[in-house]
Amino acid sequence: MTFARILLTVLGALLAQPGLAGPWPRDEGTQFLSLSIEADRDAVSDQGQGVFGGLYYERGLRNALTFGLDLGSETTEDPKAIAFLRWPVGRRDGRSRLAVEVGAGLYDGKGAVRPGLSWGRGIMRGQIPGWLSVDSRLVLQSGLDGLLETDVTFGLKPTDHTMVILQLQTGQPGTGDFYAKIAPSWVYQYRPGRRVELGLVAGVTGNTELRLKLGLWREF
């Protein structure tokens, strides 16, 4: 068996775990649900201001399609509610994968469409399997007002029960300043199909606030 096939086998096992979006489709009938909360250091004293809640859901459909929901709301902002479909394009037998996504719904309380493109590649660091992915989404609203978001994710799975993830989150609003955030996290499987995520979200440019993150993942 070639190294590329070994890596694909390891990556397939890794990406069968919950919470890993990107260009790899979910198997038909499998589902993933994530609930997360981010809060800055003033959330308690400000009576809940600065708390962000999110819900992310995926379900594998036929023909390698993945259906998903991306919901979120902050106490100081209008909600986000996007439904989307993602499907792979190009070769499916190599180490790198590519997928296209089309979504629609609400963003900041206004109607929006959200096309996207995802690239991913399986990697090995010594004997530790991992992955690298780039996910870009263009949020378009009326009057061509919008936002370009790009997330770069690097992850490793040092044991069967743990993952370490480092993500760079960037965005360029149509009218506004570019922002970038660094989001490291640690994910632990405490029961089969169930994981907890602990992490930080630190603003680098545009908004330098620091948030704590708690997430619960469920695959079924």
Side-chain angles (χ1 to χ4, degrees), residues 7-27 30-41 43 51-60 66-74 80 84 86 95 97 99 101 116 118-137 149-170 180-204 209-220:
L7 184 58
L8 281 173
T9 301
V10 174
L11 180 62
L14 174 65
L15 293 170
Q17 303 300 326
L20 307 180
W24 297 276
R26 293 201 173 272
D27 292 335
T30 62
Q31 301 177 76
F32 165 74
L33 177 65
S34 161
L35 300 174
S36 63
I37 294 178
E38 297 176 12
D40 61 32
R41 61 183 180 180
V51 176
F52 177 87
L55 182 151
Y56 185 83
Y57 171 80
E58 285 187 351
R59 180 184 177 90
T66 298
F67 167 78
L69 295 172
D70 185 7
L71 313 178
S73 180
E74 190 165 2
K80 171 183 68 174
F84 62 86
R86 185 190 307 118
R95 291 173 59 188
R97 300 295 179 90
E101 178 180 309
S118 297
W119 172 89
R121 183 180 180 89
I123 60 175
M124 294 289 289
R125 288 295 176 264
Q127 299 299 315
I128 301 176
W131 76 97
L132 177 67
S133 65
V134 181
D135 301 287
S136 289
R137 300 166 297 276
E149 301 175 317
T150 299
D151 297 336
V152 181
T153 306
F154 171 73
L156 292 174
K157 191 170 187 289
T159 74
D160 291 339
H161 297 283
T162 59
M163 289 187 286
V164 180
I165 300 172
L166 179 63
Q167 187 175 70
L168 173 64
Q169 305 170 355
T170 69
K181 304 175 183 179
I182 294 289
S185 64
W186 174 76
V187 183
Y188 176 72
Q189 178 179 278
Y190 62 92
R191 188 180 299 176
R194 301 190 182 195
R195 296 177 184 261
V196 60
E197 178 185 17
L198 301 174
L200 298 173
V201 181
V204 178
E209 70 180 7
L210 178 66
R211 291 180 171 182
L212 297 176
K213 180 178 181 180
L214 172 64
L216 297 174
W217 299 4
R218 175 75 187 276
E219 187 181 44
F220 51 99

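Here the closest heavy-atom approach between residue P25 and residue T66 is recorded as CA-OG1, 3.7 Å. The two residues K181 and V201 make their nearest non-hydrogen contact at CD-CG1, 3.9 Å. Minimum heavy-atom separation, F84 to L69: CE2-N, 3.7 Å. For the pair F52 and G72, the tightest heavy-atom approach, listed with the atom from each and the gap, is CZ-CA, 4.0 Å. Across all non-hydrogen atoms, the minimal contact from A99 to P23 is CB-CA, 3.6 Å.
In this structure, the separation between CD on E219 and CZ on R26 is 5.5 Å, given to the nearest 0.5 Å. Put simply, CZ on R125 and CD1 on I123 are 4.5 Å apart, with the number rounded to the nearest 0.5 Å.
With sequence neighbours excluded, the residues forming a side-chain hydrogen bond (donor to acceptor under 3.5 Å, both in side chains) with Q169 are Q167, listed by chain and number. In this structure, T170 has no side-chain hydrogen bond (donor to acceptor under 3.5 Å, both in side chains) partners at least two apart in sequence or on a different chain. Residues passing the side chain to side chain contact (heavy atoms under 4.5 Å, CB included) test with R191, sequence neighbours excluded: R194. Applying the side-chain hydrogen bond (donor to acceptor under 3.5 Å, both in side chains) criterion to S36, with sequence neighbours excluded, gives no partner residue. Not counting sequence neighbours, the partners of L214 by the side chain to side chain contact (heavy atoms under 4.5 Å, CB included) test are V196, L198. Listed by chain and residue number, K80, R114 satisfy the salt bridge (charged side-chain N to carboxylate O under 4.0 Å, His left out) test with D70 (two or more places apart in sequence, or in another chain). Every residue meeting the salt bridge (charged side-chain N to carboxylate O under 4.0 Å, His left out) condition with K213, not counting sequence neighbours, appears here in chain and number order: E197. For the side chain to side chain contact (heavy atoms under 4.5 Å, CB included) test, residues two or more places apart in sequence or in another chain that qualify with I182 are L166, L168, P184, V204. For L132, the side chain to side chain contact (heavy atoms under 4.5 Å, CB included) partners at least two apart in sequence or on another chain are W119, V152, F154. Residues satisfying the side-chain hydrogen bond (donor to acceptor under 3.5 Å, both in side chains) criterion with Y188, sequence neighbours excluded, are absent altogether.
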From CA spacing to verdict: side chain to side chain contact (heavy atoms under 4.5 Å, CB included), E38, E209: CA-CA 11 Å; E38 297 176 12; E209 70 180 7; over 6 Å; no
Residue pair M163, W131: steps toward the side chain to side chain contact (heavy atoms under 4.5 Å, CB included) verdict: CA-CA 11 Å; M163 289 187 286; W131 76 97; 4.1 Å; yes
Apply side chain to side chain contact (heavy atoms under 4.5 Å, CB included) to Q31 and L33, showing your working. CA-CA 7 Å; Q31 301 177 76; L33 177 65; over 6 Å; no
Is there a side chain to side chain contact (heavy atoms under 4.5 Å, CB included) between R218 and L35 once you walk through the steps? CA-CA 9 Å; R218 175 75 187 276; L35 300 174; over 6 Å; no
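Around the CD1 atom of I37, the shell of radius 6.0 Å holds no more than 12 heavy atoms that belong to other residues, nucleotides or ligands.
Of the options V164, I165, L200, a side-chain contact (heavy atoms from CB on, under 4.5 Å) to S185 is made by I165 and by none of the others.
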